[in-house]
Student: 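Quick one: structure below, then a few questions.
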Amino acid sequence: MDRLEFVDAHVHFYDMQHPELFYGHWQPDVDPPLIGKQMRKLGERNFLAEDFIEVTRASNVTKAVHVQAAIGSKDPVKETEWLMDAAERTGFPHAIVAYADLRDPGVESVLERHCEYSKMKGIRDFSYGDFLVADDFHRGYALLEKYNLHASIAAQCQDMDKLAALANKFPNTVIVIDHAGNPAERTPEYFELWKRGMETAATEENIICKISGLGMGDHNWKVDSIRPYVLGCIEAFGVERCIFATNWPVDSLFSSYDVLIDAYTEIVADFSDDEKRDLFARNTEALYGI
């Protein structure tokens, strides 16, 4: 089939032999939530920009946004530097969402160093505890506006009221909800909780919903099992505040790249051509200025 131009808003590249980068989620003794031991398979090989280009060759992928993967590295700016080298070598990625510990009193110097690189567009802070309401997190988060950076946050449905309050307190900083709010179950009861949470988040205009990673909570997914979550995001946020992504190569544990893109295409088959182009490419291009 003829595929729409696709700008993938969430990919990960990694080099397990890199001397200065550490990939905490890809280690042989780590079982990340929702995924478990399967994740260890990814650490058995590297996944470089060249590998992504090869995997997506038939999928009409024109651009991609890299979201931090080197979790646990001593200096997170080294990942940004490495990705810029990849972009110069291959053209990918086109934008970088990097890591910084926003609760660190010295985080501004890290942000300054990240922003020396032209493709730097946002921060994902895998924080801990009740961080969305923590004063030290807010102190670091306030710097994102100064450096014109978006925030990628892996909030789940039970935290969306706190996420909405954060967005309201800092209205000039765009928040991107990663992976459709990471729905952890596939029961009717959970779906209602998830839907209410997403509707709560959607009340704040500076929150964007990234539709991705649905295989993590649904390892044997089919089009019909992810359809309610894809459409639920779009119903809550509107087409104008949703972006499609794949979470590759993590979601390669649950499908092929083309199968996932075809599923998105089937789910929004009744949308207008403009709406499809917005979801697949234009919204992400506008959000990250790429």
Side-chain angles (χ1 to χ4, degrees), residues 1-11 52-67 87 90-97 119 121-122 150 152 174-181 183 191 194-195 198-199 201-215 218 221-252 254-290:
M1 68 168 64
D2 291 333
R3 291 192 169 94
L4 289 164
E5 176 187 354
F6 182 44
V7 177
D8 196 333
H10 195 113
V11 305
F52 177 77
I53 291 167
E54 181 61 30
V55 165
T56 62
R57 193 171 298 282
S59 301
N60 200 18
V61 175
T62 57
K63 298 173 186 174
V65 179
H66 187 280
V67 180
T90 69
F92 283 79
H94 298 76
I96 297 169
V97 176
K119 296 185 186 298
K121 303 292 182 177
H150 300 333
S152 283
V174 172
I175 293 173
V176 180
I177 298 175
D178 279 340
H179 305 323
F191 178 78
W194 171 86
K195 186 178 180 182
M198 299 305 278
E199 289 169 348
T203 59
E204 298 299 328
E205 291 292 326
N206 55 322
I207 299 183
I208 305 294
C209 182
K210 183 192 297 170
I211 302 171
S212 61
L214 290 170
D218 186 0
W221 69 266
K222 299 288 188 280
V223 174
D224 285 344
S225 70
I226 67 169
R227 186 191 307 272
Y229 291 90
V230 173
L231 294 179
C233 290
I234 297 170
E235 288 166 6
F237 287 87
V239 167
E240 67 278 4
R241 284 197 287 144
C242 286
I243 55 178
F244 277 146
T246 67
N247 191 35
W248 225 254
V250 176
D251 271 56
S252 70
F254 319 116
S255 77
S256 72
Y257 199 92
D258 292 349
V259 164
L260 178 55
I261 302 310
D262 289 347
Y264 288 157
T265 303
E266 181 177 338
I267 290 168
V268 299
D270 292 337
F271 287 41
S272 72
D273 288 347
D274 268 350
E275 288 173 327
K276 293 174 187 175
R277 292 190 187 100
D278 286 346
L279 290 164
F280 276 87
R282 294 191 302 213
N283 288 350
T284 298
E285 289 175 324
L287 178 64
Y288 292 106
I290 58 176

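Computed from heavy atoms alone, side chains included, the values below leave out hydrogens, waters and symmetry copies. Here the structure is a predicted model, which is why all the values come from computation and not from measurement.
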Student: With rounding to the nearest 0.5 Å, note down the distance linking CG in Leu279 to CD in Glu240.
Tutor: 9.5 Å
Student: Provide the closest heavy-atom pair for Phe52 versus Ala64 in the form atom of the first, atom of the second, distance.
Tutor: CE2-CB, 3.8 Å
Student: With rounding to the nearest 0.5 Å, note down the distance linking NE2 in His10 to NE2 in His66.
Tutor: 8.5 Å
Student: Return the CD1 to SG distance between Ile211 and Cys242, rounded to the nearest 0.5 Å.
Tutor: 4.0 Å
Student: Do Trp221 and Leu214 have side chains that approach each other closer than 4.5 Å (heavy atoms only, starting at C-beta)?
Tutor: no
Student: Kindly indicate, with the supporting measurements, whether the criterion side chain to side chain donor-acceptor pair (under 3.5 Å) is fulfilled by Asp251 and Thr246.
Tutor: CA-CA 7 Å; Asp251 271 56; Thr246 67; over 6 Å; no
Student: Evaluate the side-chain proximity of Ile290 to Val65: yes if any heavy-atom separation is below 4.5 Å, no if none is.
Tutor: yes
Student: Which distance, rounded to the nearest 0.5 Å, do you find between the CZ of Arg241 and the CG of Asp278?
Tutor: 14.0 Å
Student: Do Arg3 and Asp258 come within less than 4.5 Å of each other through their side chains, counting heavy atoms only?
Tutor: yes
Student: If I compare all heavy atoms of Tyr288 with all of Ser152, which pair ends up nearest, and what's the gap?
Tutor: OH-OG, 4.3 Å
Student: Can you see which heavy atom on Pro93 is nearest to which on Lys119, and at what distance?
Tutor: O-CD, 3.4 Å
Student: Go through the structure and list residues passing side chain to side chain donor-acceptor pair (under 3.5 Å) with Thr62, not counting sequence neighbours.
Tutor: Glu5
Student: To the nearest 0.5 Å, what is the distance between NE2 (His179) and CG (Asn247)?
Tutor: 4.0 Å
Student: Just how far is it from atom CG of Asp224 to atom CD of Glu266, taken to the nearest 0.5 Å?
Tutor: 7.5 Å
Student: Under a 4.5 Å cut-off applied to non-hydrogen side-chain atoms, are Ser212 and Asp178 in contact?
Tutor: no
Student: Could you tell me whether a side-chain N or O of Thr56 sits under 3.5 Å from a main-chain N or O of Ser59, the two making a donor and an acceptor?
Tutor: no
Student: Using side-chain heavy atoms (C-beta onward) and a distance below 4.5 Å, is Ile267 in contact with Ile226?
Tutor: yes
Student: Testing the basics here: between Lys276 and Phe271, what is the closest heavy-atom pair and its distance to 0.1 Å?
Tutor: CE-O, 3.2 Å
Student: Side chains of Val268 and Ile234, heavy atoms from C-beta outward: is any pair under 4.5 Å?
Tutor: yes
Student: Apply the test side chain to side chain contact (heavy atoms under 4.5 Å, CB included) to residues Tyr257 and Asp8: give CA-CA distance (whole Å), side-chain angles for both, the deciding distance (0.1 Å), then the verdict.
Tutor: CA-CA 11 Å; Tyr257 199 92; Asp8 196 333; 2.6 Å; yes
Student: Does a side-chain heavy-atom distance below 4.5 Å link Val11 with Phe92?
Tutor: no
Student: Indicate yes or no: does Glu285 engage Arg282 in a salt bridge with an N to O separation below 4.0 Å.
Tutor: no
Student: Using the ring-ring contact (aromatic ring centres under 6.0 Å, His included) criterion, which residues pair with Phe6? Sequence neighbours excluded.
Tutor: Phe280
Student: May I ask you to test the Phe244-Ile261 pair for a side-chain heavy-atom distance under 4.5 Å?
Tutor: no
Student: Taking all heavy atoms of Phe237 and all of Ala202, pick out the closest pair and write down the distance.
Tutor: CE2-CA, 3.5 Å
Student: Looking only at heavy atoms, what is the nearest atom pair of Ser256 and Trp248, with distance?
Tutor: C-CH2, 3.4 Å
